[in-house]
Student: 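Please read through the structure below; I'll follow up with questions.
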Amino acid sequence: MTSTTPRSYSSVPSSGGVDPWGFYWGQCVSYVAWQVRSNTGHSNFQNMYRGVHFGNAENWGSAARSLGITVNSTPTVGSVAWRTSGSAGHVAYVTAVHSNGTIDVSEYNFLVTSGFDTRSNVNWQSGGSSGFDGFIHF
């Protein structure tokens, strides 16, 4: 676990609680949107993307599916781990996939309130607040 914000994400100027792509600053969706914009072919990804509102993390799977973006149960490096459980769901960015089926993630507002953390060897199929429902492949 760490509380050090990734340098390039922390250098994006905050504007009144809403980040430049329309998500709330310091939330998992803001951080993962930045990762999607920075590391995938969806460099223009934002909260209202191609006419679909992504909003809270719990909505991301259905929003992505409605755009034809692959959502499945196969984690890959660079995919978005997504779940619906909790008050608003949760998203994290997959940084490693291990042969035993666990994953490493980087995320915001999970272990550190309104801050950055990483988790290693996450049993994503465990359910509840530690697990994920699936993976979005932007």
Side-chain angles (χ1 to χ4, degrees):
M1 178 174 78
T2 180
S3 60
T4 304
T5 302
R7 185 176 178 93
S8 51
Y9 178 70
S10 64
S11 69
V12 177
S14 173
S15 68
V18 176
D19 67 25
W21 34 92
F23 293 99
Y24 286 101
W25 198 257
Q27 300 298 316
C28 61
V29 291
S30 173
Y31 172 72
V32 171
W34 171 77
Q35 285 283 17
V36 168
R37 293 173 64 88
S38 301
N39 297 304
T40 73
H42 298 266
S43 60
N44 60 343
F45 178 72
Q46 57 188 333
N47 199 351
M48 181 61 77
Y49 184 57
R50 295 176 17 204
V52 175
H53 183 248
F54 274 68
N56 289 333
E58 64 191 352
N59 303 323
W60 279 41
S62 60
R65 280 188 193 104
S66 75
L67 293 172
I69 297 168
T70 300
V71 179
N72 61 28
S73 60
T74 305
T76 58
V77 172
S79 62
V80 174
W82 153 80
R83 70 170 163 83
T84 58
S85 63
S87 62
H90 186 64
V91 288
Y93 189 74
V94 178
T95 58
V97 179
H98 303 286
S99 60
N100 66 359
T102 64
I103 60 173
D104 295 354
V105 296
S106 64
E107 60 198 344
Y108 239 72
N109 204 25
F110 186 76
L111 296 176
V112 178
T113 302
S114 297
F116 175 76
D117 68 78
T118 60
R119 290 186 284 158
S120 298
N121 298 299
V122 176
N123 178 4
W124 68 270
Q125 297 174 335
S126 66
S129 64
S130 294
F132 293 97
D133 295 337
F135 301 90
I136 304 168
H137 301 273
F138 284 94

Student: Look up atom CG in Asn109 and atom OH in Tyr31, then write down how far apart they are to the nearest 0.5 Å.
Tutor: 13.0 Å
Student: Nearest 0.5 angstrom please: Ser85 OG to Phe132 CZ, how far?
Tutor: 9.0 Å
Student: Quick one, Ser130 with Arg119, criterion side-chain contact (heavy atoms from CB on, under 4.5 Å). Give me CA distance, side-chain angles, the key distance, then yes/no.
Tutor: CA-CA 10 Å; Ser130 294; Arg119 290 186 284 158; 4.3 Å; yes
Student: Applying side-chain contact (heavy atoms from CB on, under 4.5 Å) to Glu107 and Gln35, what does each step give before you reach the verdict?
Tutor: CA-CA 10 Å; Glu107 60 198 344; Gln35 285 283 17; over 6 Å; no
Student: What's the separation between atom NE2 in His53 and atom OG in Ser66, rounded to the nearest 0.5 Å?
Tutor: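 If I round to the nearest 0.5 Å, the distance is 12.0 Å.
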Student: Nearest heavy-atom pair of Thr118 and Leu111: which atoms, and what distance?
Tutor: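 So the two residues come closest at O-CD1, 4.1 Å.
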Student: Does any donor atom in the side chain of Asn123 or Thr102 lie under 3.5 Å from an acceptor atom in the other side chain?
Tutor: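 Side-chain D/A pair, Asn123 to Thr102: absent.
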Student: I want to check something: taking the side chain as every heavy atom from C-beta on, are Arg83 and Ser129 in contact at a cut-off of under 4.5 Å?
Tutor: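 In short, these two side chains touch, coming nearer than 4.5 Å.
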Student: When you check the side-chain N and O atoms of Thr84 and Asp133, is any donor under 3.5 Å from an acceptor?
Tutor: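 Asp133 and Thr84 do have a side-chain donor-acceptor pair below 3.5 Å.
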Student: Taking Gly55's backbone N and O only, do any of them form a donor-acceptor pair with Asn47's side chain (distance below 3.5 Å, no angle check)?
Tutor: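 The answer is yes, because a donor-acceptor pair under 3.5 Å joins these two groups.
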Student: Do Tyr93 and Ser79 pair up side chain to side chain, a donor and an acceptor below 3.5 Å, judged on atom types alone?
Tutor: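 There is no such pair between these side chains.
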Student: With side chains defined as the heavy atoms from C-beta onward, is the minimum distance between Val36 and Val80 less than 4.5 Å?
Tutor: yes
Student: Got a donor-acceptor contact below 3.5 angstrom from the Ser30 side chain to the Gln27 backbone?
Tutor: no
Student: Let me confirm one number: the CG-NE2 distance from Asn121 to His98, rounded to the nearest 0.5 Å.
Tutor: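 Rounded to the nearest 0.5 Å, the CG-NE2 separation comes to 4.5 Å.
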Student: Would you say Asp19's side chain and Gly22's backbone share a donor-acceptor pair under 3.5 angstrom?
Tutor: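 Flag set: sc Asp19 to bb Gly22 pair under 3.5 Å.
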Student: Any chance you could measure Leu67, atom CG, to Ile136, atom CD1, to the nearest 0.5 Å?
Tutor: 10.5 Å
Student: Any chance you could measure Ser120, atom OG, to Ile103, atom CD1, to the nearest 0.5 Å?
Tutor: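 Between Ser120 OG and Ile103 CD1, I get 10.5 Å after rounding to 0.5 Å.
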Student: With a 4.5 Å heavy-atom cut-off, do Val71 and Trp82 have their side chains touching?
Tutor: yes
Student: Mind running side-chain contact (heavy atoms from CB on, under 4.5 Å) on Tyr49 and Phe54 for me, showing each step along the way?
Tutor: CA-CA 7 Å; Tyr49 184 57; Phe54 274 68; 4.0 Å; yes
Student: For the residue pair Phe23 and Trp60, categorise the inter-ring angle as parallel (less than 30°), tilted (30 to 60°) or perpendicular (more than 60°).
Tutor: tilted
Student: Pick out which of Thr74, Thr70, Asn72 makes a side-chain hydrogen bond (donor to acceptor under 3.5 Å, both in side chains) with His137.
Tutor: Asn72
Student: Measure centre to centre between the rings of Trp124 and Phe135, then say whether the value is under 6.0 Å.
Tutor: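 So the answer is yes for these two rings.
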Student: Run the side-chain contact (heavy atoms from CB on, under 4.5 Å) check on Val105 and Phe110 step by step: do they pass?
Tutor: CA-CA 11 Å; Val105 296; Phe110 186 76; over 6 Å; no
Student: Looking only at side-chain N and O atoms, does His90 offer a donor or acceptor that is under 3.5 Å from a partner on Glu58?
Tutor: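 Glu58 vs His90: no donor-acceptor pair found between side chains.
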